[in-house]
Amino acid sequence: MNTKTHIDQSLIKTDEMVLNMGPQHPSTHGVLRLKIHTDGEIVRKIEPIIGYLHRCFEKHCENLGYEQIVPFTDRCDYIASMHMNHGYALALERLMGIELPPRVEYIRVIVGELQRIASHLVALGTFGLDIGAITPFTWMIRDRERVLDLFEYLCGARLLYNYIWVGGVSHDLPEKFIRRTKEFLDYFTPQIDEFDQLLTFNKIFIERTADVGILPPDVAVNYGVTGPSLRGSGVNWDLRKNDSYSVYPDLEFDIPVGTGQMGSVGDCWDRYYVRMLEIRESIRIINQALKAIPAGDVHAAIPKKVRPPKGSVYSRFETARGELGYYIISDGKNIPVRLKMRSPAFCNLSVISEIAEGWMISDIIAILGSLDIVLGEIDR
Amino acid sequence: MEFSQIKKVLDIRCSGLFEAEIDRHTIRVLPENWLTVAKVLKADADLTFDSLMCLSGFDLGDSDMLGIACHFYSMDKGHMLEVIIETPKKNPTIPSIANIWRTADWHEREVYDLYGIIFEGHPDLKRILLPDDWEGHPLRKDYVQAETYHGITIKKDKTYWE
Amino acid sequence: MELTLLNKFDQDNIIMGKLDELINWSRANSQWYFQFGLACCAIEMMAAAAPRHDLERFGAMPRATPRQSDVMIVAGTVSLKMAERVKRLYEQMADPKYVISMGSCSNSGGPYWQYGYHVLKGVDQIIPVDIYVPGCPPRPEALLQGLLELRKKIREETPLRKTVNE
């Protein structure tokens with residue numbers, strides 16, 4: 001259903017209108033402002049304006065100790081905060097050369113994949129809500145609450161955990177955690193088939209998202225798009241396989257890639273379906289990790305004072321949204337000289353000005369929802 | 001490819017335009033040579049750095065130079081490179097690579113916003129995170145916080161603590 | 001008033017009471033909130049509206065526009081760039097209007113109080129706040145308690161008479 005129509009200018013006198021969407025709008029995923037130049041209903045140019053949530057994260061990092069920065073990294077991408085903590089801990093462990101006990105690595109993988117499931121549930125639920133489907137949102141949030149129950153049992157917090165520290169984790173797994181996780185996975189695995197029946201292969205959903213907002217793979221790589229949005233365009237690229245870290249090389253999982261099943265490769269439906277398949281792969285990873293987790297002391301490698309040697313490091317991590325990078329310059333003291341966070345949603349959002357031309361305004365909402373952005377990490 | 005091999009290819013293509021730091025795996029380029037080196041990095045058949053991972057500004061605080069650090073990655077060859085470009089604080093200008101890697105478009109706007117480095121040739125250089133009428137560049141080490149913005153006090157009122 | 005109303009309806013179908021109480025009762029039990037989610041607290045506000053901690057059973061329905069809402073829940077950090085828009089949205093709401101400030105960031109600047117050059121240290125610097133809900137982020141049950149406290153506050157109002165405090 002291609003809506004790139006041509007309007008015959010000789011019949012009606014038309015003019016371009018500038019429509020302002022946001023910063024407060026129930027359909028944007030945070031305080032994002034879109035300046036849309038439209039010709040009737042067809043969009044000619046889109047300009048995203050960000051900065052309404054700029055909370056001076058990098059200035060705080062230049063004045064606080066390395067251990068004190070961990071709660072601030074939580075609050076950047078608040079939907080996938082375990083990943084933000086993990087990326088930061090990975091960067092500092094590479095800089096300091098810390099060797100982690102295997103139990104810590106397996107715990108990190110388990111909570112990371114649980115967090116990926118929770119984050120994708122929010123992304124898919126709110127995507128359905130933007131399209132107009134309210135029931136999948138309620139079902140997905142209900143299942144996400146069970147993941148948050150597990151996290152609350154583990155470390156006491158529902159949303160912002162401060163769990164993964166440099167050199168280890170803050171608490172060891174409580175005694176019933178593994179059993180409760182297995183019960184959750186047994187309950188949740190058939191639920192995904194229900195979501196598929198309800199939303200994924202629903203005719204109205206397919207009409208609204210297939211063939212809409214096609215992102216060509218070379219444009220995606222040039223704009224720095226990573227994560228499920230890049231994989232939806234057919235590029236087989238996942239940092240867990242291509243630039244691996246932690247114990248991911250020992251685990252068996254596939255990387256889902258968009259194939260243009262319902263329309264063209266790289267449309268909104270592909271990006272949605274890649275996330276759905278990633279939830280299934282995360283369940284596979286968690287099952288393997290639960291079987292293979294060894295015993296050990298989780299606090300053994302945590303340094304008393306984090307004082308990295310002089311130098312700099314750039315390390316990457318695959319969050320639920322894409323490639324998260326931390327560039328840290330250290331001069332031997334306890335406080336970083338410069339800490340830059342390269343957030344995945346920053347680059348994912350910049351591509352919307354390229355792919356949104358020629359679609360109708362309601363398609364823009366679908367495209368924005370399929371890119372899955374979180375303004376907290378864009379504005380930092 | 002290892003860093004030494006990348007350095008060999010660069011020595012052939014653009015000799016004299018850069019300085020290599022072998023132990024840190026980075027190369028340093030002067031602002032006037034940056035566009036030439038960048039085009040070689042993208043177009044050369046052995047290097048093919050097709051993805052710019054990150055472009056960050058920095059201010060080390062101990063000299064009068066500002067700088068940017070670019071991290072490149074090649075998705076089919078699998079190698080990585082860090083490039084550092086420094087420019088004096090009095091009049092900071094660096095040529096823009098936004099037309100070569102579109103990732104750099106917003107990253108350079110952010111560096112301009114927070115550090116004040118002007119990127120020549122950038123299609124639309126304006127502030128991105130802070131409001132358009134903000135004064136100063138906050139991430140510089142000598143930035144002094146303003147008292148008010150549009151009549152709102154910025155500093156926290158701690159009189160009820162002490 | 002709820003219990004007495006029910007009791008009275010059981011016995012009789014004529015109730016005697018003050019008009020003030022009737023107006024306060026109707027305003028308190030149907031607070032349509034303006035979902036002004038800015039940051040992390042918005043996710044907890046969304047979770048409060050979700051099936052587990054259902055907000056709608058308290059009569060609180062989310063509205064997307066300020067013109068149709070009674071309560072504005074400011075959830076998340078207010079930056080200086082956003083502050084003018086918050087003020088404008090508050091002025092677009094119709095009277096009687098209330099404000100709940102949810103989370104530490106909108107209470108007083110939150111964890112960004114020390115070096116945040118672009119963070120508004122508390123939304124009460126630009127709009128009057130009725131209820132402060134502490135937490136970072138507050139649990140959905142805490143937001144529910146905030147709404148119930150707002151109800152208690154509304155019940156003590158005197159909409160028909162002007163008193164010295166108003």
Side-chain angles (χ1 to χ4, degrees), chain A residues 22-31 33 49-64 68-69 71-72 74-81 118-119 122 125-126 129 135 137-146 148-149 152 157-160 162 374-377 379-380, chain C residues 34-54 56 62-66 69 72 74-86 88-90 92 103-105 109-121 135-142:
Chain A
Q24 186 276 330
H25 189 274
S27 164
T28 60
H29 297 256
V31 275
R33 177 169 164 215
I49 300 174
I50 57 177
Y52 291 93
L53 199 57
H54 179 59
R55 291 181 281 192
C56 332
F57 166 68
E58 293 173 358
K59 191 78 181 179
H60 278 85
C61 290
E62 292 178 9
N63 291 301
L64 296 170
Q68 294 173 302
I69 295 176
F72 284 88
D74 265 333
R75 282 148 177 82
C76 285
D77 178 359
Y78 31 86
I79 304 186
S81 16
S119 169
V122 172
T126 49
L129 200 63
T135 312
F137 173 72
T138 52
W139 288 14
M140 291 185 185
I141 299 292
R142 175 200 64 188
D143 290 328
R144 177 175 173 259
E145 290 281 333
R146 297 179 78 126
L148 297 187
D149 276 344
E152 195 178 349
R158 273 169 55 99
L159 195 70
L160 305 167
N162 188 13
V374 173
L375 262 294
E377 69 173 355
D379 291 340
R380 272 158 278 140
Chain C
F34 175 43
Q35 49 181 42
F36 197 34
L38 296 163
C40 346
C41 290
I43 308 295
E44 291 293 56
M45 189 169 74
M46 220 166 68
R52 187 184 276 197
H53 322 270
D54 193 7
E56 283 210 42
R63 304 308 293 157
T65 156
S69 45
M72 178 155 110
V74 182
T77 324
V78 185
S79 66
L80 294 178
K81 198 169 176 180
M82 193 68 200
E84 298 159 62
R85 277 88 179 169
V86 174
R88 194 189 281 192
L89 286 164
Y90 177 72
Q92 281 180 352
S104 327
C105 288
Y112 303 101
W113 67 273
Q114 209 171 8
Y115 305 104
Y117 48 81
H118 191 239
V119 170
L120 184 67
K121 313 287 188 299
C136 190
R139 288 187 62 105
E141 289 97 336

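Residue numbers start from 1 in every chain, and the chains themselves are labelled A, B, ... in the order their sequence lines are given, proteins ahead of strands.
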Open item on the list: Can you tell me which portion of C:Ile43 sits under 4.5 Å from chain A's heavy atoms? Options are side chain, backbone, both or neither.
Closed with: side chain

Open item on the list: Can you tell me which of C:Arg139, C:Arg52, C:Met82, C:Glu44 forms the most heavy-atom pairs within a distance under 4.5 Å of chain A?
Closed with: C:Arg52

Open item on the list: Using heavy-atom distances under 4.5 Å, tell me whether C:Cys136 contacts chain A through its side chain, its backbone, both, or neither.
Closed with: both

Task: Side chain, backbone, both or neither of C:Ala64 within contact of chain A (heavy atoms, under 4.5 Å) - done: both

- [ ] Heavy-atom pairs under 4.5 Å with chain A are the metric here; pick the option from C:Gly37, C:Ala50, C:Ala49, C:Ala39 that has the most.
- [x] C:Ala39

Task: Donor-acceptor pair, side chain of C:Ser79 and main chain of C:Val119, under 3.5 angstrom - done: no

TODO: Go through the atoms of C:Pro51 and report whether side chain, backbone, both or neither lie under 4.5 Å from a heavy atom of chain A.
DONE: side chain

- [ ] Mind telling me whether A:His54 and C:Tyr117 have parallel, tilted or perpendicular rings, with 30° and 60° as the class edges?
- [x] tilted

Task: C:Lys81 (side chain) donor-acceptor with C:His118 (main chain) under 3.5 angstrom - done: no

Open item on the list: For C:Leu80, which atoms come within 4.5 Å of any heavy atom of chain A: side chain, backbone, both, or neither?
Closed with: neither

TODO: Quick one: which of A:Ser81, A:Gly376, A:Gly51 has the most heavy-atom pairs under 4.5 Å with chain C, could you say?
DONE: A:Gly51

TODO: Mind ranking A:Arg75, A:Arg144, A:Glu145, A:Glu62 by heavy-atom pairs under 4.5 Å with chain C and telling me who comes out on top?
DONE: A:Glu145

